[in-house]
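Down below is the structure, laid out as structure tokens.
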Amino acid sequence: MTQPPPLAVPPGLLQAVATLQDKDRRRLDDTLTRLHTVNGRLWDTEDRVRGALLSAAQVADCKREIDQLNAERNALAERADEVLGSLADAGRADAPLHTETLASVVDRLSVLTLRIWHSERAGARDELAGRRVPVLHGQREELCAALDSLVSDVVAGRRRLPVPARFKLYGRDDTAPTEIRPSRHLHRIIAFGGLSECGKSTSAEFVRRTCGAQRLKMGFLLRQAAHREGLADPYALSARRQAELLLGELNRFADAHVDARLFTIESVHDDASIAELKQLMGDLLQIVYLDASFAVRVERSGTPPPAVAAKDEIKMSRGAHQVAALADHVIDNSGSIAALRARLRRIAAPPAATALRVATPYGLGLPGAVASATADFTDAVRACGPGVRLAALTGSPGEGTWIAGWSDLDLLVIAEHEVTGRVHESLEQFRTALNGAASLGPTLVTPGELTARRLTPRLAFALHQLQQGRPVLHTASSTELPTISRDELALAAVRELPQVVLTMRRLRADAGPATLRQLYKHLVLACRLLLREHDRWESGPDLILATASRMPGLAALAVPPLAEISRAWRDGDTEPALKPVAAAVDQLLAWYAAQLAA
């Protein structure tokens, strides 16, 4: 047996505690468990400072840890007395006053339990220690009987308890003690835990690469804090002190990088310190435990099983496997990389319920026949039930620039995979009802794809428009969508623009009457993406082209208005419009090539 036995309270106290409310019982149980743990660590630290030859810095570390543990011990005892004090009968103000609180007696019982355990271990090699064990057991029996008697008297009102506040200072001044709190610049932390080769580093790197997180190592943070505080060994400090040091370094980093919205820390190998850090940070800290079978981890490592088992043993000795019980998210990382990344994206950028504006198709500037067919489609997908989360017209209908015979009817449907068959049927009926009045361009996506942020740049832009107030045709209650920021769209523009430019060159090489519409639309799209890089957010093709003409070094794009080009397209007289569009494409491509060659 390598760990001390748990604290066992006597039956009279257990019976009295059973009368408390569930939340108070849970709070008391957690507090007494932590009190017993702190007493065990205090014992070990005092043994360490008295035992081996230590340097002056190591002795100072131990003294600091003892002070910290004593402070925790008293705080926990006061917290326990807050609950235990409710057992007292408040109606007997004249009852005799007992010399100590109930938690003080329980604290002595904890220390006595530890003394018995250490004496039993020492008795195997020390006869004197062995002779003490029966005496200690007798002392424990007497203390348990005295505690039960005190509880009975307190509950019956025959004794009063003293004020539980201890007012211990432990090196602090006598003003209100300061408790470290997260900086206002510390927005969100993801801490990764797990055994060897479970995917902690891979997961942290994915979050850094895809979500822009600042990736930090817990060991580095602790060493930095130790250097700052003049500590020789931060790992010898109490769990609470380590948590405070970690939070202090996180605060400093966040204050120096105020634009950072997300941090990751790895690897969580100590359940006690991360539990304390969680208590200090609350929901700002999300603990992620990555789980995988031993066989899977061995296969991934490429090393022999004994090597992985040896690393596991070290981590488990520190409590790495117990982090799972504390974690906000436990991920089985035995499956596909797609499943892992989907979970990570939801944790790093959780979806949120979005207030969307619902409008009928008749208010979107559509011709009567198109609006009527759209209304019928909306009724059809609404009848599919809650599996269809959202339906919306995007692009030109949402911007009010839809032109019959020119514009596509871009449609976004968010639906569970199980109902996609019914959505397909509704789309076919929609196409039939349109009867060639408009070309239908549907985008069908599942809620899981959205919350995992498996988004194309155009889909991300459509979601951003909806969140900015563009109307939807239908939405289920509490629809959750990923929040899309302008910064994300600007980065997406950088990724999408190369494909748009390559497509525009191909269309330009094949330029003819049949390519006018595609060539013009790609010209507008390329200009829209370039403007996003310049933090310009214009809507409508005419305004986009006019604004793009003012980009540094780009001469004005002499393109006819959209109304004129769309009329030429519908009338089949495309040659007069094709020439200026092709010239504008040549002009933009030449400018773009020059920007990248500079």
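Computation of the quantities below employed the complete heavy-atom set of this structure, encompassing side-chain atoms and omitting hydrogens, waters and symmetry-equivalent molecules.
Within a 6.0 Å radius of CD in Glu299, other residues, nucleotides and ligands contribute 12 heavy atoms or fewer. Within 6.0 Å of the CD atom in Glu313, the count of heavy atoms belonging to other residues, nucleotides or ligands does not exceed 12.
Between Glu72 and Arg241 no salt bridge is recorded (no basic side-chain N to carboxylate O distance below 4.0 Å). Under 4.0 Å is where a charged nitrogen must lie from a carboxylate oxygen, and between Glu244 and Arg181 no such pair does. The pair Arg215-Glu266 meets the salt-bridge criterion, since a charged nitrogen lies less than 4.0 angstrom from a carboxylate oxygen. The residues Asp312 and Arg297 are annotated as salt-bridged, a charged nitrogen and a carboxylate oxygen being separated by less than 4.0 angstrom. A salt bridge links Glu249 with Arg252: the distance from a Lys NZ or Arg NE/NH1/NH2 to an Asp or Glu carboxylate oxygen falls below 4.0 Å. We find that Asp328 and Lys278 are joined by a salt bridge, their nearest charged nitrogen and carboxylate oxygen being less than 4.0 Å apart. A salt bridge does not link Arg132 with Glu120: every distance from a Lys NZ or Arg NE/NH1/NH2 to an Asp or Glu carboxylate oxygen is 4.0 Å or more.
Side-chain atoms of Asp24 never come within 3.5 Å of backbone atoms of Val83 as a donor-acceptor pair (strictly under, hydrogens ignored).
Annotation: cation-pi pair Arg532/Phe461 present, NZ/CZ under 6.0 Å from the ring centroid and within 45° of its normal. In this structure, Arg121 satisfies the cation-pi test against Trp117, with its NZ or CZ atom closer than 6.0 Å to the six-membered ring centre and inside 45 degrees of the ring normal.
By the side-chain contact (heavy atoms from CB on, under 4.5 Å) test, Ser273 pairs with Ala239, Gln242, Asp270, sequence neighbours left out.
In summary, the side chains of Arg240 and Gln279 do present a donor paired with an acceptor at a separation below 3.5 Å, with no hydrogens or angles considered. Of the N and O atoms on the side chains of Trp43 and Asn39, not one donor lies less than 3.5 Å from an acceptor on the other residue.
Aromatic ring pairs are classed by plane angle as parallel below 30°, tilted from 30° to 60° and perpendicular above 60°; the pair Phe263 and Phe253 is perpendicular.
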